[in-house]
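All chains are named by letter (A, B, ...) in the order of the sequence lines, taking the proteins before the strands, and each is independently numbered beginning at 1.
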Amino acid sequence: MTRTSSGAALPKSYVPSDFEGEIYERWLAADVFAPDAAGATVDRAATPFVIIQPPPNITGSLHLGHAQRTAVEDLMIRHARMLGRPTLFLPGLDHASIAAQFVLDRIVAAEGESRESLGRERYLARMREFVETTREVMLAQQRRVGGSFDWGRLRFTMDEMSSHAVRVAFSRLYRDGLAYRTEALVNWCPGCRTSVSDLEVIPTPETGTLWSVRYHVLDPATGEPDPDRSITIATTRPETILGDTAVAVHPDDPRYRDLVGATVRIPFVERDVPVIADSIVDREFGTGALKITPAHDQADYDTGKRHGLAMITVLDDEARVTADGGAYAGLDRYEARARILTDLRARGDLVAERPHEMLIGRCQRSNDVIEPRLKTQWFIRTNPLAEAALEATRTGRTRILPPRFVKVWEHWLTNIRDWNVSRQLWWGHRIPAWYCPDGHASVSEHSGGPPACEVCGRPASELTQDPDIFDTWFSSGLWPFSTLGWPEDTPDYRRFYPTSVMETGHDILFFWVARMMMLGLHLTGREPFHTVYLSGLIRDAQGQRMSKTKGNVVDPLGAIDESGADALRFALIHGATPGVDQRFGTQKLENARNFANKLWNAARYVAGARPASIPVDAVRQHPNPARLGPAERWIASRTAAAVRAVDGSLGEFAFGEMTRILYDAIWSEYCDWGLELAKVRLADESLGPDEREATWWTLVDALDTYLRLLHPVMPFITEALWATIPHRADEPDLLIVARWPAAGERDSQVELEVGAIVELVRGIRNARAEAKIEPGARLPVDVAVPARLAATFAALSPAIERMARAMPLRVHPTSAALRKAAGSDGLAVISGDLEALVGTGTGAADGAARADVGRLEKELADAERFLAAARARLADKAFTSKAPPAVVEGARAREAELAETVARLRSRLRR
RNA sequence: GGGCGGUUAGCUCAGCUGGUCAGAGCGCCUCGCUUACACCGAGGAAGUCACAGGUUCGAGUCCUGUACCGCCCACCA
């Protein structure tokens with residue numbers, strides 16, 4: 001592609017859809033997304049900057065959160081690319097096993113089918129068909145957002161590379177003693193028909209009932225219930241009575257001391273179980289006596305283990321009562337509860353009931369009440385892995401931003417429990433474990449399984465593979481290295497691992513980041529990333545979490561269609577503070593769109609303002625320093641200030657701060673004052689072409705710099721506008737691979753001087769507006785200009801005339817001279833050590849005299865108040881002796897300045 | 001039951017290592033179609049920085065406590 005000719009006319013209005021798609025195509029055609037971008041200013045020897053994207057769930061479409069993810073990551077990638085580093089931004093998709101099945105279940109249900117009716121093979125085929133369509137939708141969305149992904153390295157957590165990595169990872173963990181299979185209590189979701197991890201159980205507050213139930217104590221002599229002795233337990237889940245294998249009391253509880261060691265009969269199942277003593281019992285709660293159901297409650301399970309109690313499963317996969325439930329067999333758990341309560345009442349053993357506030361564990365996915373059940377499943381031993389992860393953050397090899405999440409991280413990893421990775425689902429990575437008829441387990445990294453049982457040598461033909469699949473986060477946990485070719489020692493893995501930044505939402509710190517860290521450290525021996533950057537979540541305008549069920553999900557494509565991808569990206573980044581959730585509404589999007597429009601028009605002005613002496617296709621020149629006026633030097637200096645500030649904010653990952661700096665610099669400085677000052681000089685026929693050229697090249701320089709600075713945030717519009725300004729011959733064709741700007745020199749003198757004049761113009765405008773003077777009216781203005789500002793003031797006089805509607809503009813050396821020449825009518829403006837009188841001798845301001853006096857009196861009152869405060873401070877010995885000299889100096893200067901202002905205002909008001 | 005975060009203009013939020021830090025956007029009010037931009041320009045009003053103490057010469061900015069709001073973790077059945 002050839003260089004776009006500079007000076008190309010820009011369409012009159014900013015319509016993002018006109019160029020965003022085309023620009024993305026140009027980037028793709030130029031092959032600039034790959035680490036060693038073709039024809040770019042990339043230093044191939046430099047340390048690569050790598051972001052492996054958190055793969056979105058392949059369940060449908062992207063939401064605003066994803067767009068924010070991509071925007072922030074792409075910002076970092078583009079910045080690094082412009083710094084000349086090789087960059088890898090690797091895109092991906094997650095198969096999202098349980099989430100995807102949940103979605104597909106609903107789809108097939110609408111088609112009159114079900115998981116069961118289809119069977120495993122057909123269901124999986126249907127799933128592949130489904131994700132094939134969602135995949136295209138999602139990738140298209142990612143492109144619309146503008147992510148500069150290396151599409152050639154697109155990965156999917158279910159592709160062969162990932163599958164291989166999963167098998168090898170698990171085999172290795174197994175051989176290292178970190179994966180084991182055992183029967184344990186797992187969180188069972190009856191709706192999803194699978195176990196889920198602790199993290200997927202959401203404690204939900206609910207008002208339940210606490211029932212007190214009388215159990216009869218057996219007479220040791222007869223072995224039959226003793227009519228005089230009973231023990232009353234409290235329970236919220238009467239249906240689990242069927243699985244009780246003990247009653248527990250506190251060892252120090254005098255009420256029950258005699259009963260410890262006795263036997264009680266569990267109703268309905270007529271099971272005789274012991275009364276045990278265990279300090280886990282809270283004497284204050286309920287009746288102080290606790291029924292123990294080891295197969296259906298975590299605490300009871302632990303208690304059962306301690307006391308060697310039987311564990312009887314009374315609820316099946318669908319949460320129906322099992323055959324062990326006697327007469328209640330086959331009933332749903334809640335029907336069984338109701339029937340049991342009725343029957344207890346009938347027997348007179350339901351002693352009391354009262355409402356009870358409690359937390360019910362519900363399935364994150366289906367919202368079903370989780371049922372703890374005994375299952376033989378695979379677990380990952382997390383303690384040693386967590387130790388290593390903690391070590392990585394404690395030594396600083398990986399840092400977490402914002403830092404306050406470190407505490408959360410520490411707490412979770414220190415109290416971590418083993419991770420149940422078996423899922424009784426179909427869509428996902430099959431657990432690579434095979435069992436022989438004798439129950440020996442063989443784990444193999446070969447997709448076909450082991451050649452023979454590892455324990456007894458039975459041939460492969462007699463082995464059957466575990467029907468379960470892995471928790472989807474197991475494959476996600478390998479993401480930073482499985483995507484790069486691990487376990488093979490590929491060039492990508494060697495070059496790009498460990499990765500640079502892991503940017504993700506703080507809601508999946510445990511689900512994902514912790515697991516990547518644990519698995520990464522163990523399997524690769526290195527921390528998978530240097531920095532964890534946690535973003536806040538996007539909420540709706542009311543602060544509610546976006547969810548499909550609430551129907552408040554904002555489709556990023558809608559926002560892009562309406563305002564452009566750049567506006568969406570800017571809006572998402574602008575209001576964001578790391579780790580803090582963000583409300584998102586249309587006003588933010590509009591504000592961002594307006595900003596883009598502003599930039600568009602500023603660039604349009606610059607293109608149109610090119611002096612005739614410069615050819616359309618001119619090669620870029622820097623302005624001739626000898627021909628620069630104060631306005632030009634001010635623009636350059638303020639631009640340099642912006643570069644520094646942006647660099648500073650980027651270094652701190654303060655992206656919201658970065659956009660704030662650019663918004664102000666571009667809108668409030670470059671456009672409001674820079675362009676306005678320049679207009680005058682560009683139109684000034686009294687100046688030679690050299691001056692006009694210098695001014696224009698100054699505008700081009702600054703615009704060029706701002707476009708570069710803004711490119712990581714608003715890639716499309718900046719790329720489009722950059723093509724319209726002249727470039728140096730050695731520049732690349734595209735901004736995306738152009739160099740990040742170096743901070744130029746600041747000129748504090750000129751910033752001060754031009755700043756003072758800007759303030760004077762503001763003061764004059766203010767006085768005129770307050771006095772309700774016709775805005776268009778040109779009035780004479782007399783100004784007292786101190787010597788130190790004289791040269792700058794003179795140079796900028798034409799601009800002041802235009803911006804302050806001053807005609808004529810007369811300069812006086814001192815305040816006294818001003819009075820003498822101009823008399824005392826007109827509006828007074830006191831701005832620093834500049835003093836002006838507006839409309840002297842015209843009578844234009846006469847009618848406004850009272851308003852003017854009012855304004856001046858208010859100014860005086862303010863100044864006097866500040867002056868009094870400043871003096872009080874300086875009079876305080878404690879302040880002058882203890883505060884740092886620089887601060888005291890500053891206070892003195894401020895006092896002098898205020899005193900001067902007060903004096904001027906007073907003398908003015910006295911007439 | 002622990003832990004964390006928040007409480008700053010009507011609304012949404014910035015304010016880093018204490019000393020022009022009282023700010024921005026939107027909204028509101030007054031003007032203005034001055035050929036870059038009405039997706040605009042000029043000007044303006046508006047906050048005892050949740051509350052109470054404390055440290056300090058000096059505190060939205062540090063400490064303690066309180067009150068609300070939100071989040072995370074947690075085996076009182």
Side-chain angles (χ1 to χ4, degrees), chain A residues 10 12-14 185 198 203 210-211 233-237 240 248 280-282 284-287 289-293 297-303 356 358-359 372 402 404-405 407-408 411-412 415 506-507 509-510 537 541 543 563 567 574-577 579-588 590-609 648-649 652 654 656-657 660 663-664 668 671-672 675-676 679 761-762 765-770 772-776 802-803 805 866 870 873 876-884 886-888 890-891 894 897:
Chain A
L10 283 169
K12 176 140 175 79
S13 50
Y14 163 62
L185 208 57
D198 294 343
L210 185 66
W211 287 280
I233 55 90
T235 182
T236 55
R237 297 198 303 156
T240 63
I280 193 179
V281 180
D282 178 354
E284 309 300 314
F285 188 88
T287 59
L290 175 60
K291 65 192 264 318
I292 303 293
T293 319
D297 182 276
Q298 185 61 50
D300 291 5
Y301 177 79
D302 296 340
T303 309
H356 179 56
M358 55 190 195
L359 292 176
R404 65 186 158 85
F405 282 98
K407 258 191 184 172
V408 186
H411 181 257
W412 192 76
N415 299 292
H506 62 72
D507 56 331
L509 180 62
F510 308 139
L537 275 33
S563 308
H574 193 48
T577 310
V580 177
D581 293 356
Q582 177 191 179
R583 293 183 193 212
F584 191 87
T586 48
Q587 341 78 290
K588 287 185 180 176
E590 276 173 27
N591 182 231
R593 194 258 334 259
N594 293 351
F595 176 56
N597 182 250
K598 185 74 180 179
L599 179 67
W600 181 268
N601 279 293
R604 225 161 55 80
Y605 168 75
V606 172
S649 60
E652 294 167 9
E657 177 68 11
R660 250 166 262 129
Y663 186 96
D664 287 345
S668 307
C671 292
D672 285 355
L675 294 186
E676 295 306 318
K679 275 178 189 172
V761 170
R762 280 215 179 95
R765 285 170 170 173
N766 177 355
R768 291 172 52 117
E770 291 283 314
K772 305 240 185 287
I773 287 173
E774 176 71 27
R802 175 182 153 124
M803 293 191 291
R805 312 243 99 200
F866 286 126
R873 208 148 73 113
D876 187 349
K877 284 278 189 309
F879 172 70
T880 47
S881 62
K882 290 191 182 176
V887 174
V888 178
R894 174 129 175 89
E897 194 184 317

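- Comparing the C1' positions of B:rA52 and B:rC16 gives a spacing of 28 Å, expressed to the nearest Å.
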Could you list the protein-to-nucleotides 72-77 of chain B atom pairs, N/O on both sides, closer than 3.5 Å?
residue, atom, partner, partner atom, Å
B:rC75, OP1, A:R417, NH1, 3.2
B:rC76, O2, A:D282, OD2, 2.6
B:rC76, N3, A:D282, OD2, 3.3
B:rA77, OP2, A:H356, NE2, 3.3
B:rA77, O3', A:T236, OG1, 3.4
B:rA77, N6, A:D282, O, 2.9
B:rA77, N6, A:F285, O, 3.1
B:rA77, N1, A:D282, N, 3.3

message: For a quick check, with a 4.0 angstrom heavy-atom cut-off, what is the B/S/- contact string for nucleotides 36-46 of chain B, read 5' to 3'?
response: BB-BSSSSSS-

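- In B:rG47 the O4'-C1'-N dihedral to the base is more than 90° from 0, which defines an anti nucleotide.
- The gap from the P atom of B:rG10 to that of B:rG47 amounts to 8 Å, rounded to the nearest Å.
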Distances under 3.5 Å only, N/O to N/O: pair up the protein atoms with those of nucleotides 15-18 of chain B.
none

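- Mapping A:G575 and A:P884 onto RNA chain B by nearest heavy atom places A:G575 at the nucleotide closer to the 5' end.
- Taking the six-membered ring where tryptophan is involved, the planes of A:F285 and A:H356 are perpendicular, since the angle between them exceeds 60° and thus also 30°.
- Although no hydrogens or angles enter the test, the distance criterion places a donor-acceptor pair under 3.5 Å between the side chain of A:K588 and the main chain of A:R583.
- For the pair A:R604 and A:Y14, the cation does not sit on the ring face, since its NZ or CZ is not both under 6.0 Å from the ring centre and inside 45° of the axis.
- Remark: A:K407 is in phosphate contact with B:rC4, judged by side-chain N or O atoms under 4.0 Å from OP1 or OP2.
- Among the heavy atoms of the strands, none lies under 4.0 Å from A:F866.
- Annotation: B:rA45 and B:rC33 have their C1' atoms spaced 26 Å apart (nearest Å).
- B:rG60 and B:rG23 have their C1' atoms separated by 12 Å, given to the nearest Å.
- B:rU35 and B:rU20 have their P atoms separated by 42 Å, given to the nearest Å.
- Both tests hold for A:K679 against A:Y605: distance to the six-membered ring centre under 6.0 Å, angle to the ring axis within 45°.
- Counting only heavy atoms from C-beta on, A:Q587 has its side chain closest to B:rC26 among B:rG32, B:rC26, B:rC57.
- For the P atoms, the distance linking B:rU17 with B:rU7 amounts to 14 Å, nearest Å.
- Between B:rC69 and B:rA74, the distance separating the two P atoms is 24 Å to the nearest Å.
- B:rG27 is unpaired under the criterion used here, namely a Watson-Crick or G-U wobble arrangement in which both key atom distances are under 3.5 Å.
- Rounded to whole Å, the separation between the C1' atoms of B:rG15 and B:rC49 comes to 10 Å.
- Note: A:H506 NE2 to A:D581 CG = 4.0 Å, rounded to the nearest 0.5 Å.
- Within the structure, every side-chain polar atom (N or O) of A:R873 is placed at least 4.0 Å from both OP1 and OP2 of B:rG19.
- Checked by atom type and distance alone, the side chain of A:R768 pairs as donor or acceptor with a backbone atom of A:E774 at under 3.5 Å.
- No side-chain donor-acceptor contact under 3.5 Å links A:R805 to the backbone of A:R765.
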